[in-house]
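Convention: sequence-line order gives letters A, B, ...; per-chain numbering from 1. Scope of the values below: all heavy atoms of this structure, side chains included, with no hydrogens, waters or symmetry mates.
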2 protein chains.
Amino acid sequence: MRTLDHPSKDEMRLDTVLAALADPVRRTVACKLNDAFGDHACATFELPVSKSTATYHFRTLREAGVIRQEYEGTKIMNTLRKDDLDARFPGLLDAVFAAQDIEKPTS
Amino acid sequence: MRTLDHPSKDEMRLDTVLAALADPVRRTVACKLNDAFGDHACATFELPVSKSTATYHFRTLREAGVIRQEYEGTKIMNTLRKDDLDARFPGLLDAVFAAQDIEKPTS
DNA sequence: TTGGTAGTACGAAATTCATCGTAGTAAAGT
DNA sequence: ACTTTACTACGATGAATTTCGTACTACCAA
């Protein structure tokens with residue numbers, strides 16, 4: 001079974017988290033994970049980039065600690081590490097999501 | 001009299017603000033402005049970079065809308081645009097400062 | 001076992017970023 | 001008028017980021 005490395009809560013760095021969330025493609029992923037229910041395989045995000053670029057962005061988010069990635073068959077299921085991030089940097093994620101919604105309101 | 005360009009509140013972009021705050025040197029500047037009283041000329045920050053690099057970071061912060069820069073004689077006085085940022089992206093700045101303090105507690 | 005699915009790894013190219021030194025400028029001090 | 005101060009502009013450089021295509025792999029399904 002394939003597994004992927006994730007930083008522990010304590011290993012999360014503010015530099016890295018902010019840099020991860022500064023990119024619009026990655027912020028879109030994080031926001032969608034925050035809003036949505038159900039399945040979140042990488043392919044379901046319809047990002048405006050190629051498949052290999054998408055892989056890069058998902059890896060960047062995972063290595064920053066923003067998302068968790070777990071294999072499920074050939075797919076990778078992505079979830080937001082909201083609890084861990086809230087514990088490490090309280091209020092940060094919510095402020096970013098709120099800011100995103102102000103700038104680009106959803107529907 | 002020399003003046004410098006600043007984005008209006010509405011021109012502030014989340015991408016740019018987050019990218020500005022993702023850099024440790026720039027985040028240090030913003031945090032110090034948030035904490036301190038009195039004079040804040042560029043030279044008072046004792047950053048671990050050369051003078052020309054410091055100029056670059058201050059300009060990046062100004063163009064993102066994070067700080068305001070105004071000439072006063074040969075000096076430039078820097079202030080945090082807290083009110084504007086709070087109005088545009090409520091809670092964001094405070095969350096970042098709180099996170100910074102968790103990661104690198106002041107004194 | 002053959003084929004499809006969902007993603008990764010790798011290498012390359014383009015762009016942006018962070019850094020610096022040098023030279024210059026505007027204002028203030030003497 | 002000259003010097004000092006505090007900063008900027010410019011050009012260069014190296015590092016990091018973002019992008020992509022191609023080739024590959026692990027797993028599942030028929």
Is a side-chain N or O of B:Arg88 found less than 3.5 angstrom from the main chain of B:Lys9, in a donor-acceptor match?
yes
For DNA chain D, whose closest nucleotide is more 5', that of B:Tyr71 or that of A:Ala54?
B:Tyr71
Picking from C:dA27, D:dC20, C:dG7, which would you name as closest to the side chain of B:Arg2?
C:dA27
As a test of understanding, state which of A:Lys32, A:His40, A:Arg62, A:Gln69 forms a side chain to side chain donor-acceptor pair (under 3.5 Å) with A:Asn78.
A:Gln69
From the list D:dC7, C:dC20, C:dA18, which nucleotide is the closest neighbour of the side chain of B:Ile76?
D:dC7
B:Asp15 bridged to A:Arg27 by N-O distance under 4.0 Å:
yes
Counting only side-chain heavy atoms from C-beta out, which of C:dA6, D:dT18, D:dT8 sits nearest to A:Lys75?
C:dA6
Using only side-chain N and O atoms of A:Arg26, determine if any of them is under 4.0 Å from OP1 or OP2 of D:dT18.
yes
In whole Å, I'd like the distance from the CZ atom of A:Phe58 to the P atom of C:dA6.
13 Å
It should be established whether A:Thr74 places a side-chain nitrogen or oxygen under 4.0 Å from OP1 or OP2 of nucleotide D:dC28.
no
Would you kindly give the CD-to-C1' distance between A:Glu46 and C:dG7, to the nearest whole Å?
17 Å
Check if the side chain of A:Ser52 and the base of D:dG21 share a donor-acceptor pair of N or O atoms closer than 3.5 Å.
yes
Assuming nearest nucleotide by heavy-atom distance, tell me which of A:Asn78 and B:Val25 is located more 5' along DNA chain C.
A:Asn78
Of the candidate nucleotides D:dC7, C:dG21, C:dA18, which contains the atom at the shortest distance from the side chain of B:Ser50?
C:dG21
Is B:His57 near enough to C:dT19 that one of its side-chain N or O atoms lies under 4.0 angstrom from OP1 or OP2?
yes
If we ignore angles and hydrogens, is there a donor and acceptor under 3.5 Å between the side chains of A:Ser52 and A:Thr55?
no
